[in-house]
Each structure stands twice: as structure tokens, then as C-alpha cells.
Amino acid sequence: METSEWNPLGYKPLYRELFKKHMARQEELLRRGRPVGWFYTFYPSELIYAFDIVPAFPEQYSAYCAARGSAVNLMNFSTSMGYGRFLCDYFNVSIGAVLAPEKATQPVMPDPDFIVGSRGLCFAHCEMAYALSRIKKVPHCYVTFPYWTREIVGRHDSLTKTPEKIDSRYLNYCVSEIEGLISFLEKVTGENINEEKFREAFKLAEETSKLLIKILELMTSRPTPGSQREICDLVVPGFFVLGSPYAYEFAVKAYELINERVKRGIGVTSEEKIRLLTFGIIPWHSLSLYEYCERMGVTFPVNLFINESVHLVEASKPFESSVRRTIHFTNADFDLMYDVVNDVKHVDLDGALLIENPGCRVSSITVRPLAEIIEVELGIPCLILEISQCDPTITPLERVKMQIEAFIETLES
Amino acid sequence: MFPDNIYSYFLTKDKILNYKSFGKAIIGTLCDSVPEEVIHSTGAVPLRMLGLSKTTENADVKMPSWLCYYSRRILEDGLRGHFRYVDGVIGACSDDTKMRLYSLYKFHVKPTFSHILQLPLDEDEKSILFFRDELAILARKLASFLRSDWSMDKLEGSLKIYNRFRSLCQELNELRVGDSPKISGVDYMKTILGSTSMLKEDFNVNVQKLLENLKDAEGIKDYKLRVHVSGPEFYDVELLELIESLGAVIVSDDLSTSYVKGHIDEHGDLLRNVAKHYLNCPSLAFFRIGAKDKIQLIKDEVERSRAEALIILRDKGCENYGWLCPLITEELGDFPALVLDIDTPIFPEQYKTRIEAFIETLSD
């Protein structure tokens with residue numbers, strides 16, 4: 001296929017700066033002997049700043065191993081120890097990294113003093129927290145959130161995660177869960193929560209979240225202004241370090257770049273031909289796939305997976321905001337998928353590329369009904385590909401490219 | 001009354017269809033964390049949904065084929081119309097697959113009534129009260145759908161029936177642990193499976209007769225090895241038949257489909273008692289209560305039944321046993337264990353050599 005010029009937004013140096021500052025904070029806190037916590041997504045990340053905790057993220061670390069090529073060895077090691085092949089890739093990679101650190105991409109995560117699992121997306125996060133805390137012999141804690149239904153939340157906005165309502169019984173229960181997490185953190189750190197830092201972190205998170213939402217809204221412009229190669233890493237400020245000053249600094253600059261580009265009508269590719277919605281956990285081992293597509297003139301103005309990582313924080317309602325964060329269609333009855341699809345009806349789309357990740361029950365069970373809803377509600381065809389998020393051997397990149405090319409040809413004809 | 005008669009109700013659903021013909025509503029449950037007592041107290045017939053299709057070609061179009069066969073077979077039966085007599089389904093947030101199986105079933109099969117119970121991950125008082133309120137919401141919603149009157153008196157009546165059911169099952173289970181077990185693992189499983197497809201009051205009458213028949217039974221003497229079977233939902237008796245035909249006797253198990261224990265207090269706040277029972281029962285969820293409880297249950301059962309070995313039937317797509325299995329074998333140390341990865345369709349013959357070798361090695 002013909003290729004055209006590729007113009008990424010230029011987020012790479014911004015991410016580099018973000019990671020540099022995050023690592024500098026980690027090192028400084030480790031020098032001070034601050035406790036290390038391992039966390040899973042959909043917990044209130046603002047708390048790590050309120051407690052001066054050194055956070056590490058097994059999911060993010062697993063993605064890092066996948067990008068650096070050690071994930072397959074780690075997964076094989078984990079399965080050789082008896083863990084199931086069809087567990088979440090992140091589960092097997094992190095078990096492998098903990099049991100055989102010499103096989104893992106360096107530097108490995110700092111040893112935890114405690115582990116926090118959250119049921120804001122999946123049970124696998126809690127299962128991983130349990131299994132890893134058992135191996136590391138450290139305390140663990142879970143935070144439970146409901147599997148949201150229409151009855152409990154009504155309709156919801158898929159970017160801000162603002163629901164029409166939240167049944168107060170569930171809201172109160174979730175708030176008490178977060179309070180339980182705070183008590184746990186107070187116990188493991190031996191300190192009371194720093195109220196001032198807590199407020200400051202939520203204030204920063206609010207400003208950051210507004211900018212991240214705007215970035216994702218601007219991505220839907222025509223021509224598509226940015227590359228998914230860059231947008232996919234928004235999960236870092238969205239999920240993991242939200243509430244930090246460096247996440248805010250990143251968001252300000254990232255917003256300026258994309259806003260400027262939209263004003264000037266510049267796209268990620270000089271010749272945009274096809275615009276695709278996408279969903280599914282990013283194949284971290286083959287991020288070049290997005291550049292490959294974009295060079296063909298195929299862009300991704302909407303990534304529902306990335307949209308799941310943002311929510312509108314309200315600093316005046318920190319607990320409620322943290323609960324709302326979990327109201328997303330991958331943690332909800334399928335009725336809520338209609339809201340998500342409805343929210344992108346205004347976007348010019350030609351098709352959808354949906355990814356089923358073996359081992360991930362959340363993305364894989366969701367994808368096919370999502371495809372049915374997209375086809376009916378948006379009237380566009382969908383291509384479903386099975387791609388592992390960490391294991392490139394499941395579906396070789398060349399085969400994926402061939403399938404996408406065939407799909408594009410169908411859309412163009 | 002023999003186990004095969006009771007088992008036939010599981011295979012044919014004759015009893016269920018009979019209740020239906022008398023105007024009873026049939027409410028299917030997608031997880032053993034759903035308290036049947038509550039459904040029963042609204043006047044409906046609870047049915048534990050277990051797919052009987054041997055292959056899952058229709059479900060595999062709607063969901064990934066690497067998922068557990070338990071979920072694929074339920075959806076397969078739903079898509080084939082085998083559950084057409086089911087008026088409603090109730091799921092529970094007990095694991096990633098079951099939550100979304102509920103949504104998927106609803107999306108494709110469109111039952112008239114549907115509801116999902118939110119399960120807390122803890123078993124403290126706050127969680128018990130939260131789950132109690134979940135059960136109250138379910139009871140009111142279901143009673144409204146059925147246009148029936150639901151009351152605590154009715155719940156009390158249902159509790160008595162279910163407590164009797166549990167007590168009879170425990171009595172039956174005890175017959176497995178003697179030196180000469182009076183009931184085989186296969187017959188025990190067949191009996192319990194029968195209970196999933198009939199009203200418990202009818203089952204209780206049947207199992208009482210069975211117990212009387214078994215009282216003077218000679219028991220099984222010519223076995224080589226006493227085994228405990230562990231696993232998630234499992235209900236393919238053919239594989240258990242193979243295990244026992246090769247010289248083992250299954251003296252205990254903790255399968256989600258056949259482990260029945262406990263007693264619910266019939267006094268005080270009844271819904272709270274039900275909630276407490278279901279949040280504490282080790283067989284009901286792998287994760288919610290922590291693996292250590294599940295592992296302890298296996299250890300206790302092994303000790304009680306004097307099992308000499310463990311056979312784990314691991315559904316290859318089961319998320320729970322995917323991570324629990326190495327923990328169980330590690331915790332049990334040198335205790336002999338055989339792990340069989342199972343997928344549907346099950347061809348018992350493919351496991352024969354491994355099971356045979358396992359039994360022979362240990363019985364030498």
C-alpha cells in the first residue's frame with residue numbers, strides 16, 4: 001500500500017519529561033525510606049501523593065516488559081509454574097517478573113511494602129494483588145466497586161464518566177470502601193493522611209482531567225490530529241499518576257500541541273483516507289502498528305480503551321469523583337455500551353478496529369456485542385482481531401497488517 | 001429411588017417442565033453465589049443453569065472459545081433455545097467471566113426478567129449488611145415481576161426447606177467417607193446434579209428414600225485409592241466414572257456444583273442470615289473470601305474423608321483455577337496431586353493414561 005507522511009503530535013518528549021520527573025520523585029522518596037505500594041488501575045491515584053508513597057504499577061510494568069521484549073519469557077515461566085495460560089497477560093508477566101526477576105526487563109519494580117487491588121475494572125486486578133502479596137509476604141487491600149447497571153446509574157457520559165444518577169446506597173458503600181483504603185494506607189504507612197496534600201492532589205487532578213478530556217475530544221477532529229502511538233500512553237497520566245504536578249504539566253503542554261494543530265487543520269497523516277474507531281488493550285509489543293496504519297492514511301480519532309482511562313475529577317467531591325471513575329462500559333452491564341456508542345455518533349467514522357485480548361475477560365467478552373451495537377447504531381463495519389497485549393507470538397504483526405489492509409480495501413471499495 | 005432416577009431430572013428437565021405446566025415461573029441462576037432461598041420464597045422455581053450441549057459452536061461465535069466451558073455451554077444452550085422455559089436469570093458479581101456472562105446472556109437470549117447481585121469482596125458486618133440489602137432488592141423486584149407476595153414468613157419457610165436439603169446432602173456426603181464408601185463419587189454427583197433441576201422439597205423426599213436404600217448397602221471395597229476432587233463448576237460425570245473405573249473412589253470434593261454445606265439460622269434477621277451464609281461459604285467464591293479459605297477447605301475435606309490423593313479438574317479457561325491451582329499444589333506440599341486441564345467436548349479416554357498411571361503409582 002502507498003504510504004504518506006506521518007506527523008505525530010510530538011508527545012514523545014513530553015512523556016519522557018513526565019517519566020523523568022516521576023522517577024526522580026520515586027528516587028527521592030526511596031532515599032527517604034518511604035513505603036512502596038503496588039497499585040492497580042481504577043484506585044484513586046491521588047492518594048499516593050497525599051501519603052508520599054512510592055507507587056509501582058504491575059500492569060504498566062508488564063506493558064513495559066512487552067514493549068522491551070521480555071514478556072514472552074516471563075509468561076512462559078509463569079505457566080511453567082502452574083499458572084493458567086488463559087490468565088490475563090499482565091498476571092503471567094508480573095508473576096514471572098517476581099519469581100524470575102533475572103528474566104525481566106530492568107529495572108524491575110521496587111519491592112512492595114503492600115499491594116492494593118481494585119475491583120473497578122476486573123477481578124483479575126484483585127487476584128493479582130492477592131497472588132503477588134502472598135509471594136512477597138506483604139499485606140494487601142482491595143477496594144470494591146459495583147458492576148454498574150442502568151438501574152443504578154441511568155445513562156452516563158463516556159468521557160467524563162458523569163452518570164445521570166448514582167443510587168445513594170451504592171455510592172455510600174463505595175465511599176466507605178475508599179475510606180477503608182485510606183485506613184489501610186494509614187496503617188501501613190504509620191501516618192494519618194495529609195489533608196492538605198490530599199486536597200492539592202485532587203485540585204491538580206481536576207485540572208489535569210479537564211485537559212485530558214479536551215485532548216480526547218480534539219482527537220475526533222477532521223483530519224485526525226494525532227497518532228494513537230502517542231495517545232495510547234495517556235493511560236499514564238489518566239490512570240497512574242493523576243494528581244501529580246508532572247501529570248498536570250504534561251496535560252497543559254499536550255493540550256496546547258493538539259489544540260494548535262486542530263486550529264491549523266493539520267492531521268497525523270498528510271492524506272487521511274479512512275477513520276477508524278478502536279477498542280481493546282493496546283498491543284504493547286507492536287506499537288509500530290499504529291504508525292503503519294496512519295502512514296497508509298488510516299487514522300484513529302476514537303480509542304474507547306483510552307477513553308476509559310479518563311474521568312472528570314471534581315476536587316470538591318473527591319470521594320464521589322473516585323467512585324465515578326469506575327463508571328465505564330467495561331465495568332458495566334452491556335446496556336451502558338449504547339451510551340458510549342451514542343457519544344461518538346457525531347464523529348466521522350468509516351469503520352472500527354476492535355481488539356480481543358486473549359486472557360482478558362473484560363475486553364474479550366465485551367468486544368463482540370460492542371461490534372454488533374456499533375454496526376447497528378453507527379452503521380459502520382467492524383474488524384475484530386485477536387491480539388495479545390503482551391505476547392507477539394499469538395498473532396504475528398505481519399498477519400495483523402494483512403488483515404487490516406484487507407479490511408481497508410473493503411472500506412475503500 | 002436411585003441416583004440415576006434423580007440424575008435423569010437434570011438431563012431431561014422433566015420436573016422443571018412439569019412445574020412450568022402448572023404455572024410456576026422458572027428462574028435460572030448463573031452462579032452458586034445467588035441464594036436460591038430468596039427465589040424460592042417468591043414462589044418461583046430456582047434452576048441452577050448448567051449447559052448440557054457437548055459442543056459450543058454457536059457460543060464460540062459470540063464469545064472467545066478460550067473462555068471456560070462452563071460459561072460457553074450456558075450461552076450455547078441459551079442460543080439453541082434449550083432454556084426457553086426459563087423466565088428470568090439472576091447473576092452475581094463473583095468473577096470476571098460470570099459478571100459478563102450475565103450481560104452476554106441477557107444481550108443475546110433476552111430473558112424476560114434479569115438481575116445481577118453485587119457481591120462485596122469482604123465478609124465483615126458492613127459487607128453482610130450491604131449484601132442483605134442486595135437480597136432485599138432482588139426479592140422485591142422478583143416478587144413484583146411474578147406479581148407474588150413476598151414476606152419474611154415465606155422466606156422462613158424456604159429456609160427450612162433449604163436447611164433440610166443441606167442437612168440431607170451432608171448425610172449423603174458422609175456415606176462416602178467410611179472404609180467402604182456406601183455411595184460412589186459418581187452417584188453422589190448425579191444426585192446433587194438432580195437437585196439443581198427440581199424443587200428442593202421434592203428433592204428432599206427423593207434423597208430421603210435414597211438414604212434409606214443406602215443404609216444397608218455393603219459399600220465399595222475393591223478400590224485402590226481414595227481421592228478428593230477439586231475444581232470449579234464441573235458436572236460431566238463421564239470423567240468421574242473414568243476415575244472410579246480405574247480403581248479410585250472419590251470420597252470428597254469441593255466442586256462448586258456439588259459441595260453443599262452449612263446451615264442458615266432460621267431466627268432473627270433472616271435476610272442477614274442468608275447474606276452471611278453466602279458470603280462465608282468457602283465453596284461459593286474463590287476470590288471473594290481469599291484463596292487461603294479455599295485451600296483450607298480442601299485440607300479439611302482431605303482430612304475428613306481420609307483421601308490419599310487430590311485430582312484437580314481445571315477448566316482450562318477458568319480464571320479462578322488458573323491462578324489458584326499452583327497455590328493449592330504448593331500449599332499441599334508432598335500430598336499427591338494430579339492436575340487435569342479440561343475443555344469441552346470432554347473425551348474421557350484422553351485422560352485415561354494419566355489417571356491410570358497416577359492411581360497405579362500411588363496404590364503400589
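Reminder, nothing fancy here: chain letters follow the sequence lines and each chain counts from 1.
Between B/P64 and A/R368, some side-chain heavy-atom pair lies under the 4.5 Å cut-off. Side-chain contact check for B/N320 versus A/E127: some heavy-atom pair is nearer than 4.5 Å. Side-chain atoms of B/K106 and A/F334, non-hydrogen and from C-beta on, never get closer than 4.5 Å to each other. Put simply, the side chain of A/R169 reaches to within 4.5 Å of the side chain of B/F130, judged on heavy atoms.
When every heavy atom of A/T149 is checked against every heavy atom of B/I116, the shortest pair comes out as CG2-CG2, 3.8 Å. For the residue pair B/S103 and A/A332, the shortest heavy atom distance occurs at OG-O, 4.5 Å.
Separation of atoms CE (B/M63) and OG1 (A/T366) is listed at 11.0 Å; rounding is to 0.5 Å. Separation of atoms SG (B/C93) and CG (A/D333) is listed at 9.5 Å; rounding is to 0.5 Å. Distance CG/A/L87 to OH/B/Y321: 14.0 Å, rounded to 0.5 Å. Distance check, rounded to the nearest 0.5 Å: CZ of B/F107 to CD1 of A/I365 gives 13.5 Å. A distance of 4.5 Å separates CD of B/Q118 from CD1 of A/I152, quoted to the nearest 0.5 Å. The structure places CG of B/L121 at 7.5 Å from CZ of A/R119, a figure rounded to the nearest 0.5 Å.
Heavy-atom proximity under 4.5 angstrom to chain A picks out B/E330, B/E331 from residues 330-343 of chain B.
Note: B/W66 and A/F86 have parallel aromatic rings, judged against thresholds of 30 and 60 degrees for the angle between ring planes.
When each of A/R134, A/E177, A/E356 is scored by its heavy-atom pairs under 4.5 Å with chain B, the top score falls to A/R134. Of all the listed residues (A/L121, A/T144, A/V143), the one sharing the greatest number of non-hydrogen pairs under 4.5 Å with chain B is A/T144. Listed options A/Y83, A/F91, A/Y147 were ranked by heavy-atom pairs under 4.5 angstrom with chain B; first place goes to A/Y147. Highest contact tally toward chain A, considering only B/V61, B/T329, B/L327, is held by B/L327 [criterion: heavy-atom pairs under 4.5 Å]. For the set A/R85, A/M81, A/E372, the count of heavy-atom pairs under 4.5 angstrom toward chain B peaks at A/E372.
Neither the backbone nor the side chain of A/S363 comes within less than 4.5 Å of any heavy atom of chain B. Neither the backbone nor the side chain of A/S78 comes within contact range of chain B; no heavy atom of the residue lies under 4.5 Å from a heavy atom of that chain. Interface residue B/I137: only side-chain heavy atoms are found under 4.5 Å from chain A. Contacts of A/C174 with chain B are absent, with no heavy-atom separation under 4.5 Å from either backbone or side chain. In this structure, the portion of A/D335 lying under 4.5 Å from any heavy atom of chain B is its side chain and not its backbone. In this structure, the portions of A/R361 lying under 4.5 Å from any heavy atom of chain B include both its backbone and its side chain.
For the 3.5 Å distance criterion, the side chains of B/E134 and A/Y170 qualify, holding a donor opposite an acceptor.
Atom NZ of B/K299 has more than 12 neighbouring heavy atoms from other residues, nucleotides or ligands inside a 6.0 Å radius.
Between the side chain of B/D96 and the backbone N or O of A/V362, no donor-acceptor pair lies under 3.5 Å.
Residues passing the side chain to side chain donor-acceptor pair (under 3.5 Å) test with B/R354: none are found, sequence neighbours excluded.
The cationic atom of B/K126 (NZ for Lys, CZ for Arg) lies less than 6.0 Å from the six-membered ring centre of A/Y173 and within 45° of the ring axis.
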